[in-house]
Amino acid sequence: MDEQPRLMHSHAGVGMAGHPGLPQHMQEGTGGTDGDGRKQDIGDILQQIMTITDQSLDEAQARKHALNCHRMKPALFNVLCEIKEKTVLSIRGAQEEEPPDPQLMRLDNMLLAEGVSGPEKGGGSAAAAAAAAASGGAGADNSAEHSDYRAKLSQIRQIYHTELEKYEQACNEFTTHVMNLLREQSRTRPISPKEIERMVSIIHRKFSSIQMQLKQSTCEAVMILRSRFLDARRKRRNFNKQATEILNEYFYSHLSNPYPSEEAKEELAKKCSITVAQVSNWFGNKRIRYKKNIGKFQEEANMYAARTAVSATNASAHGSQANSPSTPNSAGGYPSPCYQPDRRIQ
DNA sequence: TCTGATGATTGCCT
DNA sequence: AGGCAATCATCAGA
């Protein structure tokens, strides 16, 4: 530390050397010999500061030039930079090495998975595919919703990329500006390239925190869109008339045991263009509702029973099989509407 | 707008 | 795991 006063003194010496704008006694570096003389000098300097004009700025440029040309300048600045490095910057440096932010990684992963960042996925997101599978049946409506989802997702993607580009551009502009400024200043004050580098990384950190906010809000938007899309599965559509007929036909022709096997369910699902789960739901609902109010379903049961009987008769007449899928439980018979849930045949 | 019908979901049971 | 029962949410006709 005892170096500094000496250095500062020599610095001052460099700065004042041969400057045309300063009083003669300042250029000589001696100052006044008595107290009144010193006060006079300080007063002169203050006076100069207070009366800076365009002309004095020109003088400052000349002074800067003189400073740059001084033979001691590079060595002096090197030493000053070293001292700075050892004090302030080393303290900051200890805090610089940060592990990758887990939250940022999570956001990046999610944006990648949803196809917002990274290469655009042709078939839309995993969420869309999952929801498409979940909603099963209504194909046309589903694909319409799917494309709606994709359109909204690509809108989010576009906004995200535009904003990201804007931030990156602003970051680059600002970094360049600060670097130029520091390089320029490094001619008149001790700034090492390392310090410039550090400043750049500080700027990048600031901008990346802004980017993180952008990523966060983008993720939120995707989540909202996704949940809205997945909720759409609750928007049920009634099965078409033909599907209902097929299901009812099976139900009433197997009234004594209305529990289709897995194969039968698959066959029904195929015929009705719905999922096996929907077939199961339908039979679950039908059984419980039939049981609760047999009287109400009497007419329907009779109608389907008659229809089944007719088709069975036709089938036997033509020597072919009946229309209903696989299980020939009550085939040929006239299933009376006497379903008793306790008497399952299994 | 109301109301019954109906597909889906949930929690419990066997 | 599959079924039952209750319930929810939406559709569709009056």
Side-chain angles (χ1 to χ4, degrees), chain A residues 124-153 222-308 311 323-331 333 335-346:
Chain A
S125 77
S135 54
D141 294 321
N142 187 45
S143 70
E145 280 171 11
H146 194 173
S147 66
D148 188 37
Y149 178 91
R150 275 166 57 190
K152 289 206 168 89
L153 191 71
V222 171
M223 293 289 269
I224 290 166
L225 178 66
R226 193 180 167 151
S227 70
R228 205 178 293 166
F229 186 74
L230 286 171
D231 280 351
R233 69 195 161 159
R234 288 190 75 89
K235 271 190 180 177
R236 63 175 193 81
R237 294 270 142 78
N238 287 354
F239 298 157
N240 61 40
K241 208 176 169 186
Q242 196 191 351
T244 312
E245 294 249 316
I246 291 166
L247 293 167
N248 271 318
E249 227 164 72
Y250 186 97
F251 181 81
Y252 287 111
S253 66
H254 297 77
L255 207 48
S256 57
N257 184 34
Y259 298 87
S261 65
E262 206 52 40
E263 294 80 44
K265 278 182 194 171
E266 278 170 24
E267 205 174 330
L268 285 167
K270 216 171 176 181
K271 275 189 169 184
C272 301
S273 306
I274 57 177
T275 65
V276 173
Q278 284 177 305
V279 173
S280 298
N281 280 339
W282 189 91
F283 274 87
N285 284 324
K286 190 73 182 179
R287 281 192 296 266
I288 198 91
R289 283 163 188 163
Y290 181 85
K291 196 182 87 175
K292 270 187 177 173
N293 197 349
I294 297 174
K296 199 182 85 181
F297 289 96
Q298 193 79 51
E299 201 179 320
E300 192 179 63
N302 288 337
M303 186 189 82
Y304 279 103
R307 204 186 286 186
T308 307
S311 67
N323 190 28
S324 83
S326 56
T327 40
N329 181 333
S330 47
S336 58
C338 57
Y339 164 55
Q340 288 170 334
D342 297 333
R343 291 170 55 198
R344 290 189 214 166
I345 307 164
Q346 269 185 323

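Quick note on labels: first sequence line is chain A, next is B, and so on, each numbered from 1. Since we're looking at a predicted model, the values are computed, not measured. Computed over heavy atoms, backbone and side chain alike; hydrogens, waters and symmetry mates excluded.
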For the residue pair A:Phe283 and A:Tyr250, is the inter-centroid distance of their aromatic rings smaller than 6.0 Å?
yes
If I compare all heavy atoms of [X] with all of [Y], which pair ends up nearest, and what's the gap?
X        : Y        : value
A:Lys286 : A:Phe297 : NZ-CE2, 3.5 Å
A:Lys291 : A:Ile294 : O-CG1, 4.0 Å
A:Ala269 : A:Val276 : CB-N, 3.8 Å

Quickly work out the [X] [atom1] to [N] [atom2] distance and round it to whole Å.
X        : N     : atom1 : atom2 : value
A:Tyr290 : C:dG3 : OH    : C1'   : 19 Å
A:Leu268 : B:dG7 : CG    : P     : 14 Å
A:Ile274 : B:dA8 : CD1   : P     : 8 Å
A:Asn248 : B:dG7 : CG    : C1'   : 14 Å
A:Glu262 : C:dA1 : CD    : C1'   : 10 Å
A:Asn240 : B:dG7 : CG    : P     : 11 Å
A:Asn293 : C:dC4 : CG    : C1'   : 17 Å

Give the C-alpha distance, both sets of side-chain angles, the deciding distance and a yes or no for side chain to side chain contact (heavy atoms under 4.5 Å, CB included) between A:Glu267 and A:Lys270.
CA-CA 5 Å; A:Glu267 205 174 330; A:Lys270 216 171 176 181; 5.7 Å; no
Parallel, tilted or perpendicular: which one describes the rings of A:Tyr304 and A:Tyr252, with boundaries at 30° and 60°?
parallel
Set out, line by line, the N/O atom pairs under 3.5 Å between protein and nucleotides 3-6 of chain B.
from, atom 1, to, atom 2, distance (Å)
B:dT6, O2, A:Arg236, NE, 2.9
B:dT6, O2, A:Arg236, NH2, 2.7

Close side-chain approach of A:Glu262 and A:Lys265, heavy atoms under 4.5 Å
yes
Side chains of A:Trp282 and A:Leu268 in contact at under 4.5 Å (non-hydrogen atoms):
no
Does OP1 or OP2 of [N] have a side-chain N or O of [X] closer than 4.0 Å?
X        : N     : answer
A:Arg287 : C:dC4 : yes
A:Lys265 : C:dG3 : yes
A:Asn281 : B:dA8 : yes

Per atom distances to the A:Ile288 side chain, the nearest of C:dC11, B:dT9, C:dC4 is C:dC4
Closest to side chain of A:Lys292, choosing from B:dT9, C:dC11, C:dA6
C:dA6
Taking NZ, NE, NH1 and NH2 as the nitrogens, is one of them in A:Glu249 or A:Lys271 under 4.0 Å from a carboxylate oxygen of the other?
no
Protein-nucleotides 12-14 of chain B N/O pairs under 3.5 Å:
none

